[in-house]
Protein chains: 2
Amino acid sequence: MGSLDRSLIAGLPVFGGIAPTDLDRIIGQARSLRIAKDQPVFEQEKQADSFFLLLDGHVRVVKSTPDGHEVTVRYISPGELMGIAHALGLTTYPATAIAAVDCIVLGWPSRLWPTFAADFPSFGSNAYKAVGSRLQDAHSRVIEMSTEQVEQRVARGLLKLVKQSGKKTDEGILIDFPISRQDIAEMTGTTLHTVSRLLSAWENQGLVKSGRQKVMVVEPHRLLVIAEGRDEKA
Amino acid sequence: MGSLDRSLIAGLPVFGGIAPTDLDRIIGQARSLRIAKDQPVFEQEKQADSFFLLLDGHVRVVKSTPDGHEVTVRYISPGELMGIAHALGLTTYPATAIAAVDCIVLGWPSRLWPTFAADFPSFGSNAYKAVGSRLQDAHSRVIEMSTEQVEQRVARGLLKLVKQSGKKTDEGILIDFPISRQDIAEMTGTTLHTVSRLLSAWENQGLVKSGRQKVMVVEPHRLLVIAEGRDEKA
DNA sequence: GACGGAATTTGCCGCAGCGCAAATAAGATT
DNA sequence: AATCTTATTTGCGCTGCGGCAAATTCCGTC
């Protein structure tokens with residue numbers, strides 16, 4: 001487990017404006033975890049006894065329906081909080097979080113949440129702002145699902161991933177964790193077949209380069225045109 | 001404007017556990033508004049200079065997209081907060097709120113939000129729980145849009161309205177504010193035509209009775225069967 | 001009680017995209 | 001290098017539901 005250092009979290013927006021001694025106190029109560037690829041950080045319906053901060057890696061948050069469908073709610077990037085069920089007034093996790101790659105995570109017992117929020121006002125308000133922006137995101141998703149067609153949603157989904165986790169290469173911008181057609185389908189509300197067809201088509205037009213569990217966006221701008229429906233049915 | 005009485009808000013969950021003197025202080029800073037049917041309480045993109053509590057009536061919260069689509073985010077019932085943009089870290093309203101009927105509303109200047117949240121912890125935590133449950137709702141909507149078909153979503157939408165604002169009559173449960181096919185379409189992500197077809201079909205089966213701007217659910221249980229997809233294609 | 005505007009109903013058509021199924025392809029394993 | 005597993009591609013048929021358009025009904029209003 002090793003000794004945890006304040007510098008791990010010092011630069012993060014959620015801990016913005018918190019005194020060094022407080023940071024030490026915060027990190028002193030954390031335990032650090034290594035989560036292997038494809039392993040859960042926490043699971044839907046289980047008691048929410050911890051909340052987490054992703055230090056390194058990428059995590060996919062998935063909600064399962066009773067009838068076996070899975071919907072990807074969001075991807076978590078380093079520096080983001082997750083599993084903050086208690087901030088939402090829940091005692092169980094509303095979704096499952098799966099490591100998309102090997103991850104390093106800090107975890108705190110949920111009972112510390114109220115203390116943190118009260119003792120470190122900027123932590124509390126940052127966290128609630130994060131919740132607020134997730135609410136915005138969720139509403140955007142609803143709107144997209146209501147008003148856009150699949151092609152636009154997939155384009156938008158890829159652009160979101162690019163913005164969040166894009167890594168420049170000399171051939172384009174690579175989404176820097178393994179992602180399957182199925183994963184993309186689950187985050188855009190379609191099927192892997194349709195995603196595959198779209199990617200094939202885009203590959204032919206030189207918009208993207210993709211392969212097994214990887215997607216590289218070559219021409220973000222043209223993808224944006226599609227995402228915004230200004231495509232004129234190319 | 002008249003004198004505002006503490007009893008107006010004393011029983012409400014958001015103000016649960018707050019001392020009478022504090023309630024007086026809270027209500028002393030409120031102004032009460034009467035909003036006529038079809039008039040906005042607040043509007044998307046505008047400066048969020050107030051937040052509100054609905055005392056009486058029903059309010060529809062709508063988001064408009066740049067390309068002219070409208071999506072109904074939710075309906076607000078008496079006792080609920082609305083326009084709490086600042087709790088989400090926003091300075092403008094993310095949606096427009098329209099009075100579905102004549103409404104009575106309390107409004108406070110947004111600058112009081114931080115004070116309220118800090119001085120009345122139960123107010124703050126109740127409010128954040130409310131935000132949390134809206135986030136849950138939004139995610140449910142996303143999942144429904146991804147995995148269910150229109151018929152199920154419309155059934156589910158009606159049931160939600162029934163639960164929230166249903167008024168028992170001797171013929172069934174009436175949704176007690178005017179609601180058009182178009183409104184239902186905007187909240188379920190479909191078109192008014194499809195809603196009309198569905199309601200007609202359900203009317204023939206004796207599931208609902210509906211008319212101009214009104215819907216009455218006669219057999220909630222059978223509607224639930226449809227909503228849950230346990231319909232076996234009747 | 002006739003008129004006008006808005007809401008609703010319904011028929012018909014077309015197609016986006018899903019389901020099914022089978023063929024490949026790309027890694028992983030031994 | 002041969003084999004196995006998992007991901008991806010692609011063809012084909014079908015259908016849910018959106019788009020268009022026209023008819024009808026309801027309700028407020030003068």
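Fair warning: this is a prediction, and the values are worked out from it, not measured in the lab. A, B, ... follow the sequence lines: proteins, then strands. Residue 1 opens every chain.
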Phosphate-side-chain proximity, [X] and [N], N/O vs OP1/OP2 below 4.0 Å:
X: B:Thr194; N: D:dG16; value: no
X: B:Ser196; N: C:dT8; value: no
X: A:Thr190; N: C:dC18; value: yes
X: B:Ser200; N: C:dT8; value: no

From [atom1] of [X] over to [atom2] of [N], roughly how many Å is that when rounded to an integer?
X: A:Glu203; N: D:dT10; atom1: CD; atom2: C1'; answer: 15 Å
X: B:Lys37; N: D:dG28; atom1: NZ; atom2: C1'; answer: 13 Å
X: A:Leu199; N: D:dT10; atom1: CG; atom2: C1'; answer: 14 Å
X: B:Arg153; N: D:dC17; atom1: CZ; atom2: P; answer: 7 Å
X: A:Glu151; N: C:dA16; atom1: CD; atom2: C1'; answer: 11 Å
X: B:Glu148; N: D:dG16; atom1: CD; atom2: P; answer: 16 Å
X: A:Gln149; N: C:dG14; atom1: CD; atom2: P; answer: 18 Å
X: A:Asp38; N: C:dG27; atom1: CG; atom2: P; answer: 17 Å

For the side chain of B:Arg197, counting heavy atoms from C-beta on, which of C:dT9, D:dT10, C:dG11 is nearest?
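Between C:dT9, D:dT10, C:dG11, the one nearest the side chain of B:Arg197 would be C:dG11.
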Please produce a list of atom pairs where a protein N or O lies less than 3.5 Å from an N or O of nucleotides 4-6 of chain C.
unit_1 : atom_1 : unit_2   : atom_2 : d
C:dA6  : N3     : B:Arg212 : NH2    : 3.3

Would you say B:Cys103 and B:Val59 make side-chain contact, with heavy atoms under 4.5 Å?
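Touching, per the 4.5 Å side-chain cut-off.
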So B:Pro94 and A:Gln136, do their side chains get closer than 4.5 Å, heavy atoms only?
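The answer is yes; the side chains approach within 4.5 Å.
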Got a sec, which residues hit ring-ring contact (aromatic ring centres under 6.0 Å, His included) with B:Phe42, two or more places apart in sequence or on another chain?
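Expected list: B:Phe52, B:Tyr93.
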Assess whether one donor atom and one acceptor atom, taken from the side chain of B:His193 and the base of C:dT10, lie less than 3.5 Å apart.
yes
So, does A:Thr96 use its side chain to make a donor-acceptor pair with the main chain of A:Gln44 at under 3.5 Å?
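Yes.
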For side-chain contact (heavy atoms from CB on, under 4.5 Å), just list the numbers for B:Leu53 and B:Trp108, CA-CA rounded to whole Å, side-chain angles, deciding distance to a tenth of an Å, and then say yes or no.
CA-CA 9 Å; B:Leu53 175 72; B:Trp108 291 268; 3.7 Å; yes
Would you work out how much the helix from C:dG1-D:dC30 to C:dT30-D:dA1 bends between its ends, with each end axis defined by five base pairs, to 10 degrees?
40°
Hey, what do you get for [atom1] ([X]) to [atom2] ([Y]), rounding to the nearest 0.5 Å?
X: A:Arg197; Y: A:His193; atom1: CZ; atom2: NE2; result: 7.5 Å
X: B:Lys167; Y: B:Ile173; atom1: NZ; atom2: CD1; result: 13.0 Å
X: A:Leu12; Y: A:Leu54; atom1: CG; atom2: CG; result: 10.0 Å

Under 3.5 Å, which donor-acceptor pairs do the side chains of residues 68-75 of chain A form with other protein atoms, sequence neighbours left out?
unit_1  : atom_1 : unit_2  : atom_2 : d
A:His69 : ND1    : A:Asp67 : OD2    : 3.0
A:Glu70 : OE2    : A:Ser64 : OG     : 3.1
A:Arg74 : NH2    : A:Glu80 : OE1    : 3.1

Can you see which heavy atom on A:Gln164 is nearest to which on A:Ser77, and at what distance?
NE2-OG, 2.9 Å
Check side-chain contact (heavy atoms from CB on, under 4.5 Å) between B:Glu45 and all other residues, then give those that pass, not counting sequence neighbours.
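Checked B:Glu45 against side-chain contact (heavy atoms from CB on, under 4.5 Å); zero matches.
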Counting only non-hydrogen atoms, which of residues 174-185 of chain B are less than 4.0 Å from DNA chain C?
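Going residue by residue through residues 174-185 of chain B, the ones with a heavy atom under 4.0 Å of DNA chain C turn out to be B:Ser180, B:Arg181.
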Nearest-nucleotide 5' precedence on DNA chain C, B:Leu192 against A:Val150
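On the 5' side of the pair lies B:Leu192.
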Going through the distances and angles, do A:Asp183 and A:Ser180 end up as a side-chain hydrogen bond (donor to acceptor under 3.5 Å, both in side chains)?
CA-CA 5 Å; A:Asp183 292 333; A:Ser180 69; 3.2 Å; yes
